[in-house]
A.B. asks: 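The structure's right below; bear with me while I get my questions together.
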Amino acid sequence: MADEQTVAVQHARITAFVSHLLSAVADFVAVEDDDAIPRLKSNFQRRLHWVEFVSRNKDSPFFRRHLRMSYDSFCILKDRIKDHFPCEHNVMGSLRGGNISAELHLYATIRYLAGGSYSDICLFCGISVPSFYCIVWRTIRAINSTIEVCFPSTAEHCAGLAAEFESISYDGVIRNCVGALDGYLVSIATPSKNEANNVRSYFSGHYQKYGVNIQACCDAYCRFLFVGVGGPGVTSDRKGIHESGLFALVEKLPPGYVVIGDCAYQPTEHLVPIFGGDLALKKDNDNFNYFASQLRIRIEMAFGMMTRKWGILQRPLTNSLSGIKDLICCIARLHNFCIDERLRENNNCAAADLRTTDSLSINQLAYMHYASQSEHRDILSYEYPQWSLVREELVKRVKERRLERPFNNRRKRKKSTL
């Protein structure tokens with residue numbers, strides 16, 4: 001009997017508490033309803049009216065710099081990649097003034113790669129943030145699948161590239177170079193452990209920052225013939241050229257043709273680096289370094305032009321590691337496209353006459369018969385890893401021409417070492 005009375009009392013207390021609580025909530029809701037702020041209607045940013053934007057700014061001297069190319073070149077590039085963009089109707093797009101056009105696809109991507117902020121681009125173009133990143137990566141994939149970067153493999157292609165390099169070589173002393181190669185560290189934000197198993201491997205002790213090693217080769221007009229990821233930032237150029245696949249392509253060049261790099265690379269019969277260390281102290285080797293550097297500097301110029309034009313490379317990339325390769329390849333292709341368009345506008349598409357092996361023999365290219373290279377290839381590869389017969393012949397050719405490093409340049413180098 002006592003237990004039943006206790007349960008009844010507790011039940012009454014709970015009922016009273018719940019009733020008081022419901023009453024308090026009802027009073028609170030009534031007060032909130034009186035002071036409630038009416039909800040604002042959704043405000044959709046309108047799309048950028050492309051025709052009006054172009055007509056208003058086309059004659060401005062800064063419009064070319066804004067697009068990183070002429071407007072005619074922009075239209076040519078747009079026509080080449082527009083088939084990669086979807087044409088279906090989007091309900092949310094209609095609220096902003098229609099679907100995102102091919103022009104806005106390309107414009108937003110160029111401004112982003114040029115170093116623009118995503119928030120400024122979204123506000124200016126009338127694009128939501130998710131749509132912005134969607135169209136940027138869609139455009140990057142379209143550019144990568146449309147614009148080609150071709151490393152030379154045939155004698156005809158190599159002859160044309162060699163003629164271009166010969167035209168900028170002093171007295172045409174180096175006639176068999178088809179490319180200049182070097183490594184480049186793309187600065188990145190510190191990767192997460194979910195992306196990189198070894199985060200410290202991306203830190204470059206030489207540059208004191210996180211990055212990705214890129215291996216590249218270019219022609220005499222600073223257009224890239226190859227761009228590939230060599231590995232994390234700690235990777236050396238000597239190892240990166242193998243990891244990127246560039247070394248295999250270089251070794252498949254036709255007999256007699258070479259690419260020139262810095263002293264970080266191991267010399268072969270197709271890869272000719274300048275001399276470094278004690279070997280560079282010899283007068284003949286130093287003279288060769290001077291004239292070979294006239295060609296090797298082209299890859300440094302290419303990196304400088306690319307970094308200057310595409311400002312996203314001037315700060316650490318915050319993209320995922322999986323997307324860095326596509327991003328760099330896209331920038332390299334846009335770099336080539338801009339140079340091709342500049343040459344086309346200047347009516348300078350072929351500055352040097354293409355020469356084939358019919359007009360330039362292997363003997364003339366390598367300055368020694370290729371059979372002698374084959375006979376000593378095993379010895380050179382294993383017993384003398386720092387030796388290259390082709391490089392020695394090039395040194396001999398510079399000496400026979402009685403070409404030396406200019407006195408003023410030699411004096412300037414001595415002052416810099418003091």
Side-chain angles (χ1 to χ4, degrees), residues 158-183 217-222 237-238 250 253 255-304 351-353 355 360-370 372-373 376 380 384-418:
C158 290
L161 295 173
E164 293 172 355
F165 273 108
E166 182 184 358
S167 66
I168 63 175
S169 177
Y170 182 82
D171 199 24
V173 64
I174 299 179
R175 305 167 54 194
N176 61 327
C177 175
V178 299
L181 63 87
D182 199 3
C217 182
C218 74
D219 64 4
Y221 290 108
C222 301
D237 286 344
R238 179 168 292 200
V250 170
L253 285 172
Y257 292 105
V258 300
V259 296
I260 294 180
D262 61 20
C263 57
Y265 298 98
Q266 180 175 335
T268 67
E269 299 311 305
H270 290 290
L271 174 55
V272 175
I274 61 176
F275 290 94
D278 295 338
L279 293 176
L281 300 178
K282 297 182 179 180
K283 183 178 179 180
D284 293 342
N285 295 347
D286 182 62
N287 292 334
F288 165 76
N289 281 357
Y290 177 79
F291 295 100
S293 295
Q294 291 180 332
L295 310 185
R296 194 196 69 82
I297 196 66
R298 292 290 162 166
I299 187 63
E300 305 286 358
M301 294 169 59
F303 287 146
D353 296 332
R355 288 186 280 183
L360 197 62
S361 66
I362 295 176
N363 241 354
Q364 291 173 302
L365 283 173
Y367 318 120
M368 62 181 299
H369 198 273
Y370 193 72
S372 61
Q373 300 177 25
H376 300 282
L380 293 173
Y384 303 98
Q386 298 297 330
W387 197 262
S388 170
L389 289 175
V390 172
R391 185 170 65 172
E392 293 303 313
E393 291 297 322
L394 290 173
V395 172
K396 185 186 301 183
R397 180 178 176 83
V398 172
K399 184 177 181 180
E400 291 174 351
R401 294 282 189 93
R402 296 182 179 180
L403 299 176
E404 296 184 356
R405 182 187 290 271
F407 174 75
N408 291 336
N409 183 271
R410 197 182 302 274
R411 184 176 59 180
K412 187 184 301 183
R413 293 181 68 221
K414 287 184 179 180
K415 289 183 179 180
S416 63
T417 56
L418 294 178

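This chain uses plain numbering: 1 for the first residue, then up along the sequence.
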A.B. asks: Which heavy-atom pair separates C263 from P273 by the least distance, and what is that distance?
C.D. replies: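 For C263 and P273, the tightest heavy-atom pair comes out as CA-CB, 4.2 Å.
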A.B. asks: Do L295 and S169 have side chains that get closer than 4.5 Å, going by heavy atoms?
C.D. replies: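 With C-beta onward as the side chain, the pair touches.
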A.B. asks: Step by step, work out the side-chain contact (heavy atoms from CB on, under 4.5 Å) result for K283 and R405.
C.D. replies: CA-CA 9 Å; K283 183 178 179 180; R405 182 187 290 271; over 6 Å; no
A.B. asks: State whether the number of non-hydrogen atoms from other residues, nucleotides or ligands found under 6.0 Å of D171 atom CG is greater than 12.
C.D. replies: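 Yes.
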A.B. asks: State, with a plain yes or no, whether a side-chain heavy atom of R296 is found less than 4.5 Å away from one of D262.
C.D. replies: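 Touching, per the 4.5 Å side-chain cut-off.
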A.B. asks: Can you confirm whether D286 sits close enough to K282 that some side-chain heavy atom of one is under 4.5 Å from a side-chain heavy atom of the other?
C.D. replies: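 No, too far: nothing below the 4.5 Å cut-off.
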A.B. asks: Dump the intermediate steps for side-chain contact (heavy atoms from CB on, under 4.5 Å) on D182 and Y265, then the final yes or no.
C.D. replies: CA-CA 9 Å; D182 199 3; Y265 298 98; 4.0 Å; yes
A.B. asks: Taking the side chain as everything from C-beta on, heavy atoms only, tell me whether Y290 gets closer than 4.5 Å to P406.
C.D. replies: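 Yes, close enough: below the 4.5 Å cut-off.
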A.B. asks: If only atom types and distance count, is the side chain of N176 paired as donor or acceptor with the main-chain N or O of Y257 below 3.5 Å?
C.D. replies: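 Checked: no pair found.
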A.B. asks: Restricting to non-hydrogen atoms, name the atom on I174 and the atom on A292 that form the minimum distance, rounded to 0.1 Å.
C.D. replies: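 Minimum heavy-atom separation between I174 and A292: CD1-CA, 3.7 Å.
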A.B. asks: Restricting to non-hydrogen atoms, name the atom on R401 and the atom on G172 that form the minimum distance, rounded to 0.1 Å.
C.D. replies: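 Heavy-atom minimum between the residues: NH2-O, 4.2 Å.
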A.B. asks: Is the backbone N or O of L279 less than 3.5 Å from a side-chain atom of N285, with the two atoms forming a donor-acceptor pair by type?
C.D. replies: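 Yes: the side chain of N285 pairs with the backbone of L279.
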A.B. asks: Run V272 and V259 through side-chain contact (heavy atoms from CB on, under 4.5 Å) and show every step you take.
C.D. replies: CA-CA 6 Å; V272 175; V259 296; over 6 Å; no
A.B. asks: Could you walk me through whether I299 and L181 satisfy the side-chain contact (heavy atoms from CB on, under 4.5 Å) test, starting with their C-alpha distance in whole Å, then the side-chain angles of each, then the deciding distance to 0.1 Å, before giving a yes or no?
C.D. replies: CA-CA 6 Å; I299 187 63; L181 63 87; 5.7 Å; no
A.B. asks: Is there a donor-acceptor contact under 3.5 Å from the side chain of R238 to the main chain of A264?
C.D. replies: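 Judged by distance alone, yes, a pair lies under 3.5 Å.
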A.B. asks: Locate the shortest heavy-atom distance separating C217 from G179; write the atom from each residue and the value.
C.D. replies: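 Smallest heavy-atom distance, with atoms named: SG-CA, 3.8 Å.
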A.B. asks: Do V258 and V178 have side chains that approach each other closer than 4.5 Å (heavy atoms only, starting at C-beta)?
C.D. replies: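 Sidechains of V178 and V258: no contact.
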A.B. asks: Does this structure show an ion pair linking R397 with E400, if we count only N-O contacts that are shorter than 4.0 Å?
C.D. replies: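 Not counted as a salt bridge, because no side-chain N and carboxylate O are separated by less than 4.0 Å.
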A.B. asks: Angle class for the F291/Y170 ring planes (parallel below 30°, perpendicular above 60°, tilted otherwise)?
C.D. replies: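 Geometry flag for Y170 against F291: tilted rings.
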A.B. asks: Any side-chain to backbone donor/acceptor pair from N289 onto F275? Under 3.5 Å, distance only.
C.D. replies: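 Indeed, once roles are kept as given, a pair shorter than 3.5 Å links the two residues.
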A.B. asks: For the atom pair CZ (R298) and SG (C177), what is the distance rounded to the nearest 0.5 Å?
C.D. replies: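 Result: 11.0 Å between the selected atoms.
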A.B. asks: Could you check if a side-chain atom of C158 sits within less than 4.5 angstrom of a side-chain atom of L253, using non-hydrogen atoms only?
C.D. replies: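 The answer is yes, as the side chains (C-beta and beyond) meet within the 4.5 Å cut-off.
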A.B. asks: If you look at every heavy atom in S388 and P267, which pair is closest and at what distance?
C.D. replies: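 So the minimum-distance heavy-atom pair works out to CB-CB, 3.9 Å.
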A.B. asks: I'd like to know if E269 pairs up with R391 as an ion pair, taking the criterion as any Lys NZ or Arg NE/NH1/NH2 lying under 4.0 Å from an Asp or Glu carboxylate oxygen.
C.D. replies: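 Salt bridge: no.
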A.B. asks: In the structure I gave you, are the side-chain heavy atoms of F165 and I260 within less than 4.5 Å of one another anywhere?
C.D. replies: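 Of all side-chain heavy-atom pairs linking I260 with F165, none is under 4.5 Å.
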A.B. asks: Are any side-chain N or O atoms of T268 and backbone N or O atoms of L271, one a donor and one an acceptor, separated by less than 3.5 Å?
C.D. replies: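 Checking the backbone N and O of L271 against the side chain of T268, a donor-acceptor pair under 3.5 Å is found.
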